[in-house]
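Quick note on labels: first sequence line is chain A, next is B, and so on, each numbered from 1.
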Amino acid sequence: MTLRAYKQTIKRILENTIEKSGLPEVEIQVKETTRPEFGQLYVNTPFTLGKILGRMPIDIAVELAGDIELQEGLVAIPFQPGYLNFRISGSQLAFKTLRASIVPDLGKGETVIIEHTSVNPNKALHVGHGRNLVIGDSIARILKATGHITTVINYVDDSGVQVADILVGFLHSGYPVWPSKGTKFDQYVGDEVYVGVNEQYASTPSLEEKRKSILQELEGDNEISRFAKEITVRILRDQLKTCWRLNSRYDLLAFESEIISLRLWDSLFRKMKRARIAKYEDEGRLKGTWVVTQKTGNTDPKNVDDEKVLVRSDGTATYIAKDIPFAAWKLGLTEDKFSYSNFSRQPDGSILWRTSTKDGENHPKFGGANRAITVIDVRQNRLQEIIRSVLEAVSSMPLRDRYIHLGYEVVILSRESRTNMSGRKGVYVNVDEALNAISQKAMIETRKRNPGASQKWVESIAEKIAIAALRYSLVRQDLDKVVVFDFAESLRLDGETGPYVQYSFARACRIIEKAGEEPVISESSASLLDKEWEASLILSLAKLGMRIEESALNLSPKNLAKYTFFLSSQFNAFYERSPVLQEQNKELRNARLSLVYRFKETLGIVTNLLGIDTPEKI
RNA sequence: GGGCCCGUAGCCUAGCAUGGAUAGGGCGCCGGUCUUCGGAAUUGGAAAUAAUGAUGUGAACCGGAGGUCCAGGGUUCGAAUCCCUGCGGGUCCGCCA
């Protein structure tokens, strides 16, 4: 039984007690206390009841404490000015916590689609994309571990202007199709071709004409569109190398060009016309277009800004006309016209599928999920809202809980100048470059600590440290906060960082390795763990289920990142003050050793949910 | 102009959804510890080396200093948290994607 189970038990028993005492029914929230002398859990129900009944909260707290019947080892203590605190006996909490680490089942088979990464196939991933990937991948891991059936999608926008830009570079500006040796193709295209072509547009206006004609060719089946596919898939394969390097994985690649060629838009557009959400403009500045009006409660009739064009006056659809059917497909609001084929095998052994227009292979079910989570930065807020409100109108269902835009703030390079990363201008830090730099530094540190180790081993450890450092730094902040990517900061290996967490894990492994035998925990030996720092480590370990639950419900991986750091620093404090292997008292040694075991397992579970590897030795 | 978001020590950040007990961390700073690693020097010894160890160092630990929770008003027994107004910053508002 973990703290999460205690919480549920207390809630149930307290509800019964209130009912039996004839007190009014109120919503009960069992919360964690801020300090150990208040016990571990508390409710402020006496305040709520006091208000209703016009009585002193403390009197009600005393009364409830007297009436409530709790299991052995759990007591209720009234506290001024009206809290009801619950104290779990140290030995019992220790014993129960040390027996097992439990991940709660919250999903009950709910199907969830998570879309993340979705980098345009014309450049390498920069750290802004890295934030998207790390958030999305962590959430996918958390949801999967808590009993949800997840499908992870990486959307490939292979039909837009950005693709036309690089084709201009290859076909008209003389960029070679093969970069110089040692350069990744995605990096070469992003750094040289894409940036170069965008600079040339200013000086050579005729290039823009060329782009226009390429853009038209892309919609059809011809030499240029086939060349575009070849190039974008080559870039995609290199991007995936970076994604996999960051420990991410996907189930499906969805190609925008196939949404177009399968004409998924048509049936949606018909439905939208029928539902009268799509309106034809007879006059005004949008004459000849089909628009959708967002219901915003904007009362000013002169304000036309919340109209969004769906179909241009020349009859072509705008990009939102690709997003809407895809979003509808995710929730099963439109039929599944895709075929699917095997794209490649991933490092974790699973198959990465891709949408396809050709005859499909035997594939798992895609689309039609209970819930769709789209990870995109906050600048897409308005568009995502439009998409959801269109889907709501078409399906006449509220979708607030089913179509979720998980927005996060952008990554910038400097707070003073607020340098936004821009692929077009070539202002960004690539994920691979960042990882290489951190890895370099970690390699020096690892070598210092392991002079006799093989170069290959040192390199593999340094790589894992680099990934942990980057993933941790991108996931630890609130989604609403702008991340300033500071190179010096990202090279830090101490303080609140991924490597610090890995270090404490490795410390635990050292002790376990040297101890040799696995300890057997009994209630009496658990009671020996009575030191303040031991009790607080146990309490933190007992919160595993609660922490996972809240991050799954709030889609907030940051909570788990904080939790790994907190556990690690508590473990390090324990490590300094409670020697395990030197302890002469066999039973105490045994109890401490099982605490080390439990710490290792718990931390291993949580770091895994964050995609951080924990080597046994670093 | 309208929508959304942010404002917490020198810097970064948690807590805000669901109001509650002394606002929790990290970096940096000051002081200390040490089963980290290096080590001037001293003592013993012919030597290998052993003991002591200034001082440095640290993915380690302990302690300390550092706060108008942007401002003002309101609701409440109680506000960092809820409401209103204002200030500062960001972002979105193309027949681009």
Verify the contact: side-chain N or O of [X] to OP1 or OP2 of [N], cut-off strictly under 4.0 Å; return yes or no.
{"X": "A/Tyr408", "N": "B/C4", "result": "no"}
{"X": "A/Asn572", "N": "B/A60", "result": "no"}
{"X": "A/Lys558", "N": "B/G15", "result": "yes"}
{"X": "A/Lys287", "N": "B/C95", "result": "no"}
{"X": "A/Arg312", "N": "B/C96", "result": "yes"}

Pairing residues for [X] by the side chain to side chain contact (heavy atoms under 4.5 Å, CB included) criterion, not counting sequence neighbours:
{"X": "A/Arg211", "answer": "A/Val161, A/Ala164, A/Asp165, A/Val168, A/Tyr201, A/Glu208"}
{"X": "A/Lys31", "answer": "A/Gln29, A/Tyr42, A/Asn44"}
{"X": "A/Ser138", "answer": "A/Val134, A/Arg471, A/Val475, A/Pro557, A/Leu610"}
{"X": "A/Ser504", "answer": "A/Ser568, A/Phe571, A/Asn572, A/Phe599, A/Leu603"}

Report which part of the nucleic acid [X] touches: base, sugar-phosphate, or nothing (heavy-atom distance under 4.0 Å, all strands).
{"X": "A/Asn44", "value": "base"}
{"X": "A/Asn120", "value": "nothing"}
{"X": "A/Gln384", "value": "nothing"}
{"X": "A/Asp478", "value": "sugar-phosphate"}
{"X": "A/Ile320", "value": "nothing"}

Margin query: I'd like to know if A/Asn85 reaches the base of B/A21 with its side chain such that a donor and an acceptor end up less than 3.5 angstrom apart.
Written below: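 Looking at the base of B/A21, it does pair with a donor or acceptor on the side chain of A/Asn85 (distance under 3.5 Å).
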Note to self: At less than 3.5 Å, do the side-chain atoms of A/Ser313 and the base atoms of B/C95 form a donor-acceptor pair?
What the structure shows: yes
Within this structure, what is the [atom1]-to-[atom2] distance between [X] and [N], rounded to whole angstrom?
{"X": "A/Lys51", "N": "B/G78", "atom1": "NZ", "atom2": "P", "result": "9 Å"}
{"X": "A/Asp59", "N": "B/C77", "atom1": "CG", "atom2": "C1'", "result": "14 Å"}
{"X": "A/Ile618", "N": "B/U36", "atom1": "CD1", "atom2": "P", "result": "17 Å"}
{"X": "A/Tyr83", "N": "B/G78", "atom1": "OH", "atom2": "P", "result": "13 Å"}
{"X": "A/Gln477", "N": "B/C12", "atom1": "CD", "atom2": "P", "result": "11 Å"}
{"X": "A/Lys481", "N": "B/C5", "atom1": "NZ", "atom2": "C1'", "result": "11 Å"}

Test of understanding: with side-chain hydrogen bond (donor to acceptor under 3.5 Å, both in side chains), list the residues that count as partners of [X], not counting sequence neighbours.
{"X": "A/Lys7", "value": "none"}
{"X": "A/Tyr408", "value": "A/Asn132"}
{"X": "A/Tyr472", "value": "A/Glu496"}

Please give the nucleotide sitting opposite [N] as a Watson-Crick or G-U wobble pair, both distances under 3.5 Å, or none.
{"N": "B/A79", "value": "none"}
{"N": "B/U36", "value": "none"}
{"N": "B/G31", "value": "B/C62"}
{"N": "B/A50", "value": "B/U43"}
{"N": "B/U91", "value": "B/G3"}

Short N/O separations, protein against nucleotides 23-28 of chain B, under 3.5 angstrom:
from	atom 1	to	atom 2	distance (Å)
B/G26	O2'	A/Glu496	N	3.3

Can you give me the N/O atom pairs linking the protein to nucleotides 88-92 of chain B at distances under 3.5 Å, or say none if there are none?
from	atom 1	to	atom 2	distance (Å)
B/G90	O3'	A/Arg418	NE	2.8
B/G90	O2'	A/Arg418	NH1	3.3
B/G90	O2'	A/Arg418	NH2	2.8
B/U91	OP1	A/Asn420	ND2	3.4

Next item on the list: Sequence neighbours left out, what passes ring-ring contact (aromatic ring centres under 6.0 Å, His included) with A/Phe566? Give chain and number order.
Entry: none
Centre-to-centre under 6.0 Å for [X] and [Y], is that the case here?
{"X": "A/Tyr83", "Y": "A/Phe38", "answer": "no"}
{"X": "A/Phe565", "Y": "A/Tyr563", "answer": "no"}
{"X": "A/Trp290", "Y": "A/Tyr280", "answer": "yes"}

Next item on the list: Provide the distance between the two P atoms, one in B/U42 and one in B/A48, to the nearest whole Å.
Entry: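 One P to the other, the span is 16 Å.
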Check: What integer number of Å spans the P atoms of B/A14 and B/G38?
Finding: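 It comes out at 40 Å once rounded to the nearest Å.
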Checklist line | Flag for A/Thr289-A/Glu281: side-chain donor and acceptor within less than 3.5 Å | finding: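 No.
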Could you pull out the protein-nucleic contacts involving nucleotides 31-35 of chain B (nitrogen or oxygen on both sides, under 3.5 Å)?
from	atom 1	to	atom 2	distance (Å)
B/U35	O4	A/Glu576	O	3.4

Checklist line | Residue pairs fulfilling salt bridge (Lys or Arg N to Asp or Glu O under 4.0 Å) with at least one residue in residues 313-324 of chain A, sequence neighbours excluded | finding: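 Salt bridge (Lys or Arg N to Asp or Glu O under 4.0 Å) check on residues 313-324 of chain A returns A/Glu256-A/Lys322.
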Check: The side chain of A/Phe79 lies closest to which of these nucleotides: B/A21, B/G20, B/C95?
Finding: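 Shortest atom-to-atom distance from the side chain points to B/A21.
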